[in-house]
Participant: 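One structure, as structure tokens, below. Some questions next.
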Amino acid sequence: MITTGNDNKPAIRFDLIAQEGEARAGVLTTRRGEIETPVFMPVGTAGTVKGIRFEELESEELDPKIILGNTYHLWLRPGIETIRECGGLHKFIGWQRALLTDSGGFQVWSLGALRKIDEEGTHFRSHVDGSAQFLSPEISMEVQAALGSEIVMAFDECAPGNATHEETLKSMSLTSRWAKRSRTRFDQLQGEGADTGRAVTTNCLSGAQAIFGIVQGASHLSLRRESLAQTVEIGFDGYALGGLSVGEEKPVMFEVIREIAPVMPADRPRYLMGIGTPEDLIDAVAAGIDMFDCVLPTRNGRTGQAFTSSGKLNIKNAQWAKDSRPIDELCNCSVCRRHSRAYLRHLYLSGEMLASILLTHHNLAFFLDTMRAVRQSIRSGVFHKFRREFTERLNANGE
Ligand SMILES: [Zn+2]
């Protein structure tokens, strides 16, 4: 049982339903409903999953049970006082299902030359107005309590994918000290009732927020194992693999995932942060990952790129000019049922906003459908067959 907060009930519950090799199918119960895993969480950076209305997101063909919010973006704009006064993030944006918020650590780290990291936290310049800002584990926990997300992420520091052993060790040790400070401040805030999303639940949960710890260590497996041990020692409701897809080669990234995911605590959800393509998701599921988020379906949708069962499709290509087929002939989403490649290409080249909206919709449908099929295949004991067929279809065409 996972326990957070000042009563003995857990903040979340994680039940494994089926396992095939390392691949797991489970149910993550939160104060705002059940989430079947493995799960893909669409990214709602600034309180919106870009290019799609919440009604559509909630419709049966998409239907994610959880989305992400970004602490860094929401903290800088509209600001935490505004969100708190509007009743927390769920109420502010009009989304009653579960939310996971990141800690802001990665966004601040991505600012590169614009930030300076010391023991206390990170000093940086706001990308919104250039003002001097400071983010620390304590502040991140305060912001995430005000947002009222179901799952809070510890504040971490990321080392670049090609960081040396020495640099990585330094960064990882800082992440570990910050994880402790995150945990301490998180517990205080739960005790003080600072969580705006606190709910009365009927499912034997405490109604409080849950907090996940983050494993760092770049591509150094020994440091990854050390980081995992330190994070588990502090104790979290779930564990994430962070600091991947930050400049290292893909085989290196998958070596870390394959070595570390299976030894992460089996009774807690395992979350791979910020990754990846549909085939990456399936490969990581095979290593024992339960949760994913990525901007690819929404971001690539806005730049004219569609994900399909036979690989990526660039809608700008002249070869689609008179093509009456849907983006993906195997996709049953409303965009593929109604519109042709020729029409979508025309919209994109004309700069029509509907191009982004329709491509985003299809891409989200494709990611979410793929994960539905992954869950079903694990539950039926045919995941490895599903994975092989998915890969074969993808490689049969390949743009
Ligand atoms: Zn579609």
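Predicted model, so just to flag it, every value in this text is computed and none were measured.
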Participant: May I ask you to say whether R393 pairs ionically with E389, meaning some side-chain N is under 4.0 Å from a carboxylate O?
Facilitator: no
Participant: When you compare the side chain of L313 with that of Q305, does any pair of heavy atoms fall below 4.5 Å?
Facilitator: no
Participant: Do the side chain of S171 and the main chain of E167 share a donor and acceptor less than 3.5 angstrom apart?
Facilitator: no
Participant: Other residues, nucleotides and ligands only: do more than 12 of their heavy atoms fall within 6.0 Å of CZ on R379?
Facilitator: yes
Participant: Could you check whether D290 pairs with R268 (Lys NZ or Arg NE/NH1/NH2 to Asp/Glu carboxylate O, under 4.0 Å)?
Facilitator: no
Participant: Are side-chain heavy atoms of M41 and P64 found at a separation under 4.5 Å?
Facilitator: no
Participant: Spell out, as yes or no, whether a donor-acceptor pair under 3.5 Å connects the side chain of T231 to the backbone of G213.
Facilitator: no
Participant: Given side chains that start at C-beta, do those of P265 and V232 come closer than 4.5 Å, heavy atoms only?
Facilitator: yes
Participant: Donor-acceptor check, side chain of R183 to backbone of G235, threshold 3.5 angstrom: yes or no?
Facilitator: yes
Participant: Please report the closest heavy-atom contact between F292 and A284, naming both atoms and the distance.
Facilitator: CE2-CB, 3.5 Å
Participant: Answer whether the closest heavy-atom distance between the side chains of Q19 and I378 falls below 4.5 Å.
Facilitator: no
Participant: Run through F124, F106, F155 and flag the one making a ring-ring contact (aromatic ring centres under 6.0 Å, His included) with Y72.
Facilitator: F124
Participant: Is atom CZ of R337 surrounded by more than 12 heavy atoms (other residues, nucleotides or ligands) closer than 6.0 Å?
Facilitator: yes
Participant: Go through the steps for T37 and F14 under the test side chain to side chain contact (heavy atoms under 4.5 Å, CB included), then give the verdict.
Facilitator: CA-CA 9 Å; T37 63; F14 184 60; 3.6 Å; yes
Participant: Given 3.5 Å as the limit, does a donor-acceptor pair link the side chain of W75 with the main chain of P78, or not?
Facilitator: no
Participant: Taking the side chain from S227 and the backbone from Q216, do they hold a donor-acceptor pair closer than 3.5 Å?
Facilitator: yes
Participant: Find out whether T298 and T45 are in side-chain contact, i.e. whether some heavy atom of one side chain is under 4.5 Å from a heavy atom of the other.
Facilitator: no
Participant: Give the intermediate values and the outcome of side chain to side chain contact (heavy atoms under 4.5 Å, CB included) for residues M273 and L244.
Facilitator: CA-CA 8 Å; M273 302 182 80; L244 288 170; over 6 Å; no
Participant: Can you give me the closest heavy-atom contact between L99 and S149, atom names plus distance?
Facilitator: O-CB, 3.6 Å
Participant: Is there a side-chain contact between M141 and V152 in this structure, where contact means two heavy atoms from C-beta onward sitting under 4.5 Å apart?
Facilitator: yes
Participant: Using the side chain to side chain contact (heavy atoms under 4.5 Å, CB included) definition, which of the options V108, L174, T122, I214 pairs with E157?
Facilitator: L174
Participant: Within the side chain of W178, is there an N or O that forms a donor-acceptor pair under 3.5 Å with the backbone of E119?
Facilitator: yes
Participant: Can you find a side-chain donor-acceptor pair between H362 and D328 that sits under 3.5 Å?
Facilitator: no
Participant: Which heavy-atom pair separates T101 from L147 by the least distance, and what is that distance?
Facilitator: CG2-CD1, 3.7 Å
Participant: Give, for atom CZ of R53 and atom OG1 of T48, the distance between the pair rounded to the nearest 0.5 Å.
Facilitator: 12.0 Å
Participant: Give the cluster check for V374 versus V382: same hydrophobic cluster or not, with ILVMFWY residues linked at side-chain heavy-atom distances below 4.5 Å.
Facilitator: no
Participant: Do you reckon V39 sits in the same ILVMFWY cluster as I17, going by side-chain contacts under 4.5 Å, direct or chained?
Facilitator: no
Participant: Quick check: does any side chain N or O of D280 sit under 3.5 Å from a backbone N or O of T277, one acting as donor and the other as acceptor?
Facilitator: yes
Participant: NZ of K65 to CZ of R97: how many Å apart, nearest 0.5 Å?
Facilitator: 4.5 Å
Participant: In terms of heavy-atom contacts, does CD of Q96 have more than 12 from other residues, nucleotides or ligands at under 6.0 Å?
Facilitator: yes
Participant: Could you tell me whether a side-chain N or O of S380 sits under 3.5 Å from a main-chain N or O of S377, the two making a donor and an acceptor?
Facilitator: no
Participant: Salt bridge between R372 and D63, side-chain N to carboxylate O under 4.0 Å?
Facilitator: no
Participant: For S126 and D129, does a side-chain donor sit closer than 3.5 Å to a side-chain acceptor?
Facilitator: yes
Participant: Do we see a donor-acceptor contact under 3.5 Å between the side chains of E138 and S140?
Facilitator: no
Participant: So, do L74 and L89 sit near enough that their side-chain heavy atoms are less than 4.5 Å apart?
Facilitator: yes
Participant: Grab the two heavy atoms, one from D237 and one from P269, that are nearest each other, plus how far apart they are.
Facilitator: O-CD, 3.6 Å
Participant: For F212 together with F236, are the ring centres under 6.0 Å from each other?
Facilitator: no
Participant: Do the ring centers of Y271 and Y239 come within less than 6.0 Å of each other?
Facilitator: no
Participant: Look at the side chain of R24 and the backbone N and O of A266, then say whether any donor-acceptor pair between them is shorter than 3.5 Å.
Facilitator: yes
Participant: Less than 3.5 Å apart, any donor N or O on the side chain of S176 or Q230 sitting next to an acceptor on the other?
Facilitator: yes
Participant: Measure centre to centre between the rings of H73 and H127, then say whether the value is under 6.0 Å.
Facilitator: yes
Participant: Specify whether F367 and F40 have parallel, tilted or perpendicular ring planes, treating 30° as the upper limit for parallel and 60° as the lower limit for perpendicular.
Facilitator: tilted
Participant: With a 4.5 Å limit on heavy-atom distance, are the side chains of E20 and H384 in contact?
Facilitator: yes
Participant: Under the salt bridge (charged side-chain N to carboxylate O under 4.0 Å, His left out) definition, can you give me all pairs with a residue in residues 214-233, not counting sequence neighbours?
Facilitator: R225-E259
Participant: Can a side-chain donor-acceptor contact be found between T175 and D156 if the only test is distance below 3.5 angstrom?
Facilitator: no
Participant: Using only atom types and a distance under 3.5 Å, with no angle test, would you say the side chain of T201 pairs donor to acceptor with the backbone of L205?
Facilitator: yes
Participant: Could you measure the distance from the SG atom of C158 to the CH2 atom of W109? Nearest 0.5 Å is fine.
Facilitator: 4.0 Å
Participant: Do you know which two heavy atoms are closest between R258 and A287, and how far apart they sit?
Facilitator: CA-CB, 4.1 Å
Participant: Heavy-atom count check: over 12 atoms from other residues, nucleotides or ligands less than 6.0 Å from R77 CZ?
Facilitator: no
Participant: Which atom pair, heavy atoms only, marks the closest approach of T168 to A163?
Facilitator: OG1-CB, 3.3 Å
Participant: Using 0.5 Å steps for rounding, measure from the CG atom of L364 to the CD1 atom of I52.
Facilitator: 5.5 Å
Participant: Establish, from distance only, whether the side-chain atoms of R32 and H90 form a donor-acceptor pair under 3.5 Å.
Facilitator: yes
Participant: Using a 6.0 Å cut-off, check whether atom CD of E166 has over 12 heavy atoms from anything other than its own residue.
Facilitator: no
Participant: Return the CD to CD1 distance between Q144 and I139, rounded to the nearest 0.5 Å.
Facilitator: 12.5 Å
Participant: Using distance alone, with no hydrogens and no angle criterion, decide if T360 and N363 have a side-chain donor and acceptor under 3.5 Å apart.
Facilitator: no
Participant: If you count every heavy atom of other residues, nucleotides or ligands that lies below 6.0 Å from K316 atom NZ, does the total exceed 12?
Facilitator: yes
Participant: Would E255 and S219 count as a side-chain hydrogen bond (donor to acceptor under 3.5 Å, both in side chains) here? Give the steps.
Facilitator: CA-CA 8 Å; E255 191 189 7; S219 53; over 6 Å; no
Participant: In Å, rounded to the nearest 0.5 Å, how long is the span from CD1 of I327 to CZ of R345?
Facilitator: 14.0 Å
Participant: Could you walk me through whether Q133 and L76 pass side chain to side chain contact (heavy atoms under 4.5 Å, CB included), step by step?
Facilitator: CA-CA 9 Å; Q133 299 284 347; L76 291 181; 3.8 Å; yes
